[in-house]
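Step one of this worksheet: look at the structure below.
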Amino acid sequence: MHTFECATGMQITVSDINVTDVNGKPMYPMDPKQTMVLDLISYNHGEQITDNKVDVGIYSYSKSWATNTCNWTAIPTLGLLNNIDGCDFAKNCPLASGPLQLKIPLDLSQFSSIINMLAANRPYQLNIAMKNYNEGNKQHEQIACVVAQIHLI
């Protein structure tokens, strides 16, 4: 798994991500049909986050027969992966200021309609953007952005 931040200067930065099954055994390639746990080492450089929404984009890696080049192509999700309630889904709020070591259980069964259309044994890229939805915040600015290039089974 290859991960990197997709923007600089974000309020929350992620320095390491590991994926395990619910028993703590490393899970890679990832099986999205099983519950997994994301172990994130991150840092909140700003105010405590008590509410957030997450947008996820999925891309497949393929080679164009016309141009003979490889690229990431967006997979349409019809908005199903936009404005996911990060606190409810990841059960990790509040996100305090300072260092964060988060163990986030991920049960993706509610997204089975999307997962079922992904081919196994292929590389995918997830673009994950978190927005601030704290009470009183009307700007909903992006506070974290991570890209994960993964292999699914």
Side-chain angles (χ1 to χ4, degrees), residues 1-22 24 26-61 72-120 122-153:
M1 177 170 61
H2 176 64
T3 61
F4 56 93
E5 293 186 339
C6 43
T8 59
M10 292 284 106
Q11 177 179 333
I12 297 176
T13 55
V14 177
S15 58
D16 194 27
I17 302 174
N18 289 298
V19 181
T20 67
D21 65 16
V22 293
M27 181 193 282
Y28 197 80
M30 296 167 59
D31 184 351
K33 294 177 179 151
Q34 291 186 32
T35 299
M36 61 187 89
V37 177
L38 291 182
D39 187 359
L40 283 100
I41 297 175
S42 55
Y43 198 94
N44 182 353
H45 300 274
E47 68 178 349
Q48 178 171 283
I49 300 299
T50 56
D51 193 11
N52 67 78
K53 303 274 189 227
V54 177
D55 294 337
V56 179
I58 303 176
Y59 299 79
S60 65
Y61 193 69
W72 293 103
T73 304
I75 295 173
T77 60
L78 307 174
L80 294 173
L81 300 179
N82 293 344
N83 287 319
I84 298 168
D85 188 311
C87 294
D88 284 345
F89 186 76
K91 302 189 182 7
N92 63 354
C93 287
L95 297 170
S97 296
L100 301 167
Q101 182 155 5
L102 305 170
K103 289 201 181 284
I104 303 171
L106 288 182
D107 176 358
L108 302 177
S109 59
Q110 66 182 322
F111 304 111
S112 61
S113 59
I114 295 169
I115 291 169
N116 290 338
M117 71 181 195
L118 301 178
R122 298 216 31 204
Y124 291 96
Q125 177 171 293
L126 305 177
N127 290 12
I128 305 155
M130 180 186 288
K131 300 172 289 187
N132 184 345
Y133 269 71
N134 280 356
E135 186 175 336
N137 182 314
K138 302 294 183 208
Q139 295 175 333
H140 307 306
E141 70 277 5
Q142 187 170 295
I143 55 174
C145 184
V146 174
V147 173
Q149 294 171 338
I150 60 174
H151 190 102
L152 299 178
I153 56 171

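All values below were derived from every heavy atom in this structure, side-chain atoms included, with hydrogens, water molecules and symmetry-related copies excluded. By convention here, the first residue in the shown sequence is residue 1. Please read these numbers as outputs of a predicted model, since none were measured by experiment.
- A donor-acceptor contact under 3.5 angstrom links the side chains of Asn127 and Gln125, judged on distance only.
- A distance-only check finds a donor-acceptor pair linking the side chain of Ser15 to the backbone of Ile41 [under 3.5 Å].
- When all heavy atoms are compared, the tightest approach of Ile153 to Ala120 is C-CB, 3.7 Å.
- Taken from CG in Asn92 to CD1 in Ile104, the straight-line distance is 4.5 Å, to the nearest 0.5 Å.
- Going from atom CD1 of Ile115 over to atom CG of Asp31 covers 9.0 Å, rounded to the nearest 0.5 Å.
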Start with the C-alpha distance between Tyr28 and His151, add both sets of side-chain angles, then the distance that settles side-chain contact (heavy atoms from CB on, under 4.5 Å), and finish with yes or no.
CA-CA 7 Å; Tyr28 197 80; His151 190 102; 3.4 Å; yes
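- Note that the OG1 atom of Thr13 and the NE2 atom of His45 stand 3.0 Å from one another [nearest 0.5 Å].
- With contacts defined as side-chain heavy-atom distances shorter than 4.5 Å, the pair Ile128/Val54 qualifies.
- Residue Leu95 is tested with Ile143, Ile49, Thr50 for a side chain to side chain contact (heavy atoms under 4.5 Å, CB included); the sole match is Ile49.
- Pro105 approaches Ala90 most closely through the heavy-atom pair CD-O, 4.1 Å.
- Side chains of Val146 and Ile17 form a contact here, defined as non-hydrogen atoms less than 4.5 Å apart.
- Taking NZ of Lys138 as the reference point, atom OH of Tyr133 lies at 10.5 Å (rounded to 0.5 Å).
- For the side chain to side chain contact (heavy atoms under 4.5 Å, CB included) with Ile114, the qualifying choice from Leu108, Val56, Ile58 is Ile58, the only one to do so.
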Set out, in order, the CA-CA distance, both residues' side-chain angles and the distance that settles side-chain contact (heavy atoms from CB on, under 4.5 Å) for Leu106 and Phe89, then state yes or no.
CA-CA 8 Å; Leu106 288 182; Phe89 186 76; 3.2 Å; yes
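- Under the 4.5 Å side-chain criterion, counting only non-hydrogen atoms from C-beta, Met30 is in contact with Met36.
- In summary, the side chains of Gln11 and Asn132 do not present any donor paired with an acceptor at a separation below 3.5 Å, with no hydrogens or angles considered.
- Rounding to the nearest 0.5 Å gives a distance of 14.0 Å between OG of Ser42 and CE of Met10.
- Side-chain contact check for Tyr59 versus Gln149: every heavy-atom pair is 4.5 Å or farther apart.
- Partners of Asp39 under the salt bridge (charged side-chain N to carboxylate O under 4.0 Å, His left out) rule, at least two apart in sequence or in another chain, are Lys103.
- A heavy-atom distance below 4.5 Å is not found between the side chains of Leu102 and Leu38.
- Side chains of Tyr124 and Leu118 form a contact here, defined as non-hydrogen atoms less than 4.5 Å apart.
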Which pairs would a plain distance check flag for residues 76-86, meaning a side-chain donor or acceptor within less than 3.5 Å of a matching protein atom at least two apart in sequence or in another chain?
| unit_1 | atom_1 | unit_2 | atom_2 | d |
| --- | --- | --- | --- | --- |
| Asn83 | OD1 | Lys131 | NZ | 2.7 |
| Asp85 | OD1 | Cys87 | N | 3.1 |
| Asp85 | OD1 | Asp88 | N | 2.9 |

After noting the C-alpha distance and the side-chain angles of Asn134 and Gln48, does the key distance pass the side-chain contact (heavy atoms from CB on, under 4.5 Å) rule?
CA-CA 9 Å; Asn134 280 356; Gln48 178 171 283; 5.9 Å; no
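- No donor-acceptor pair closer than 3.5 Å links the side chain of Asp55 to the backbone N or O of Ala129.
- The number of heavy-atom neighbours closer than 6.0 Å to CD of Glu141, taken from other residues, nucleotides and ligands shown, is above 12.
- Summarising the geometry of Val19 relative to Met1, their closest heavy-atom pair is CG2-CE, 3.6 Å, with the distance given to 0.1 Å.
- Shown here for Glu47 and Ser97, the closest heavy-atom pair between the two residues is C-OG, 3.5 Å.
- Between His140 and Lys53 the shortest side-chain heavy-atom distance does not fall below 4.5 Å.
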